[in-house]
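Everything on this sheet refers to the single structure shown next.
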Amino acid sequence: MPVQPTDLIWLNGEFVPWGEAKIHVLSHVIHYGTSVFEGIRCYETPKGPMVLRLKDHIKRLFDSAKIYRMEIPWPQEDYCELCLEVIRRNNMRQCYIRPVVYRGYGDVGVNPMPCPVESAIAVWDWGAYLGPEALARGVDVMVSTWNRPSPNSLPAMAKAAANYMNGQLIKMEALQAGYAEGIALDVNGYVSEGSGENIFIIRNGVVYTPSLGHSVLPGITRDGVLRILEQEMHMTVRHQAIPREMLYLADEIFFTGTAAEVTPVANVDRIQVGAGKRGPVTEAVQSRYLSLVKGAVEDTYGWLTPVR
Ligand code: PPE
């Protein structure tokens, strides 16, 4: 989906017009992928625009930066406030928020340390991530021929730009083969995640999701959905190694992510999953999740931060 420009982007301490938010081509990030980022949603609710799990996302941003020895020169609380200010200044009622922290211009060479740590926050409108009908109908996915990077090559707990080169291979392969998304296996052949989503499998009333050792991003939607499944629906959840064939034998599969929200998977490698449409557990989780984030029900988990 082409991005629709908004008015202002916050760039290193200043609000600049969208078209002027630029960096030098010799910035370290351009050559070596030196960046960590977040994707956050702001929903329009009956009480005005609310940002979903702002503190948790900014905490993960700082965690990602820590792994790569990048010191973010703004305190976490101030950084949260900046995200809210970008939404306010652009008068957005609902939007996607993209904070990014990267190494800028100053030195060329693999060693990032001489390059300054810089940051930007942009917002824009972002609709359904896997197509307009995905949430209701479910998506067709394939198991990628590409694996996720092994734990000792690119750390999956960091939401780093470089991880998305792998994600791009997975996504391009899937799209060219006529699927909406690819599921990557980890280096040992166990199910990992989609190019931009975590994955959940339901089989015989039990929920399975890959544990953090299987090269998955610790998704914030994953965390929210786990709370709904365990605390509200009282389902048994197993965090474990998941062999590929469990995908074919599942009663239901769904993806989770800030952008994808809760998206059902209709089939994998053209093998139908369960009834081939959104199953009852998926539907219950999806509907509860969307009511919580859209402020249609009481915010019992304290997930929402008002923009104004
Ligand atoms: N795994 C990956 C690889 C991933 O990129 C995301 C988010 C998730 C899991 C789910 O994490 P969370 O959003 O915290 O529940 N992917 C972002 C979209 C990537 C893109 O720019 O495209 C997102 O959903 O915002």
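Each ligand, and each atom within it, is numbered from 1 in the order the structure gives.
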- Contact atoms of ligand 1, heavy-atom distance to Tyr96 under 4.0 Å: 17 (C), 18 (C), 23 (C), 25 (O)
- So which of Ile220, Ile170, Asp223 gets nearest to atom 14 (O) of ligand 1, if we judge by its closest heavy atom? Ile220
- Would one find an N or O of Pro218, backbone or side chain, under 3.5 Å from an N or O of ligand 1? no
- Any idea how Trp10 and Tyr79 line up, ring-wise: parallel (<30°), tilted (30 to 60°), or perpendicular (>60°)? perpendicular
- Ring centre gap for Phe255 and Tyr129 strictly below 6.0 Å: no
- Compute whether any side-chain donor of one residue and acceptor of the other, for Glu173 and Thr145, lie under 3.5 angstrom apart. yes
- Item | Numbering as shown, the atoms of ligand 1 that approach Gly219 to under 4.0 Å (heavy-atom distance) | 11 (O), 12 (P), 14 (O), 15 (O)
- Item | Min N/O separation Gly196 to ligand 1 under 3.5 Å | yes
- Do Asn90 and Asp7 have side-chain atoms, one donor and one acceptor, less than 3.5 Å apart? no
- Note on the structure: re atom 17 (C) of ligand 1, the protein heavy-atom contact at minimum distance is Lys159 NZ, 3.6 Å
- Message: Both conditions, 6.0 Å and 45 degrees, for the charged tip of Arg103 above the ring of Tyr32: are they met here?
- Response: no
- Message: Does Asn152, at its CG atom, have more than 12 non-hydrogen atoms belonging to other residues, nucleotides or ligands within less than 6.0 Å?
- Response: no
- Pair Leu247-Ile183, side-chain contact (heavy atoms from CB on, under 4.5 Å): steps then yes or no: CA-CA 10 Å; Leu247 298 169; Ile183 296 170; 4.2 Å; yes
- To which residues is Leu249 joined in a hydrophobic cluster, defined by side-chain heavy-atom contacts under 4.5 Å among Ile, Leu, Val, Met, Phe, Trp and Tyr, whether direct or through other members? none
- Can you pull out the closest protein heavy atom to atom 24 (O) of ligand 1? Residue, atom name and distance to 0.1 Å, please. Ala259 N, 2.8 Å
- Could you tell me which residues satisfy salt bridge (charged side-chain N to carboxylate O under 4.0 Å, His left out) with Asp107, sequence neighbours excluded, listed by chain and number? none
- Minimum-distance protein heavy atom relative to atom 20 (C) of ligand 1: Tyr129 OH, 3.4 Å
- Going by atom types alone, do Tyr289 and Thr256 pair a side-chain donor with an acceptor below 3.5 Å? no
- Query: How close does the nearest protein non-hydrogen atom get to atom 21 (O) of ligand 1, and which residue and atom is it?
  - Reply: Arg98 NH2, 3.0 Å
- Taking both backbone and side-chain atoms of Leu217, is any N or O found less than 3.5 Å from an N or O belonging to ligand 1? no
- Message: So, regarding Trp126 and ligand 1 (criterion: nitrogen or oxygen to nitrogen or oxygen, under 3.5 Å), is there a contact or not?
- Response: no
- Item | Test side chain to side chain donor-acceptor pair (under 3.5 Å) applied to Arg53 and Asp223, Thr221, Thr305, Thr258, the passing residue | Asp223
- Report the part of Arg60 (side chain from C-beta onward, or backbone N, CA, C, O) that has a heavy atom under 4.0 Å from ligand 1; answer both or neither where that applies. side chain
- Item | Geometric N/O contact Thr256 with ligand 1, under 3.5 angstrom | no
- Going by distance only, is there an N or O of Arg148 that falls short of 3.5 Å from an N or O of ligand 1? no
- Message: Can you name the atoms of ligand 1, numbered from 1 with element, that are less than 4.0 Å from a heavy atom of Gly257?
- Response: 10 (C), 13 (O), 15 (O), 24 (O)
- Pairing of Glu181 and Lys171 as salt bridge, 4.0 angstrom limit: yes
- Message: Looking at ligand 1, is there an atom of it that comes within less than 4.0 Å of some heavy atom belonging to Glu38?
- Response: no
- Message: So if I count the atoms of ligand 1 from 1 in the order they appear, which ones are less than 4.0 Å from some heavy atom of Glu193?
- Response: 1 (N), 2 (C), 3 (C), 9 (C)
- Message: Please list the nearest protein heavy atom to atom 13 (O) of ligand 1 with its residue and the distance rounded to 0.1 Å.
- Response: Thr258 OG1, 2.6 Å
- Would you say Ser195 touches ligand 1, if touching means a heavy atom closer than 4.0 Å? yes
- Query: To which protein heavy atom is atom 10 (C) of ligand 1 closest, and what is the distance rounded to 0.1 Å?
  - Reply: Asn198 OD1, 3.6 Å
- Look at the aromatic rings of His214 and Tyr190 and report parallel, tilted or perpendicular, splitting at 30° and 60°. perpendicular
- In the protein, which heavy atom is nearest to atom 15 (O) of ligand 1, and how far is it? Thr221 OG1, 2.6 Å
- Nitrogen or oxygen of Tyr164 less than 3.5 angstrom from that of ligand 1: yes
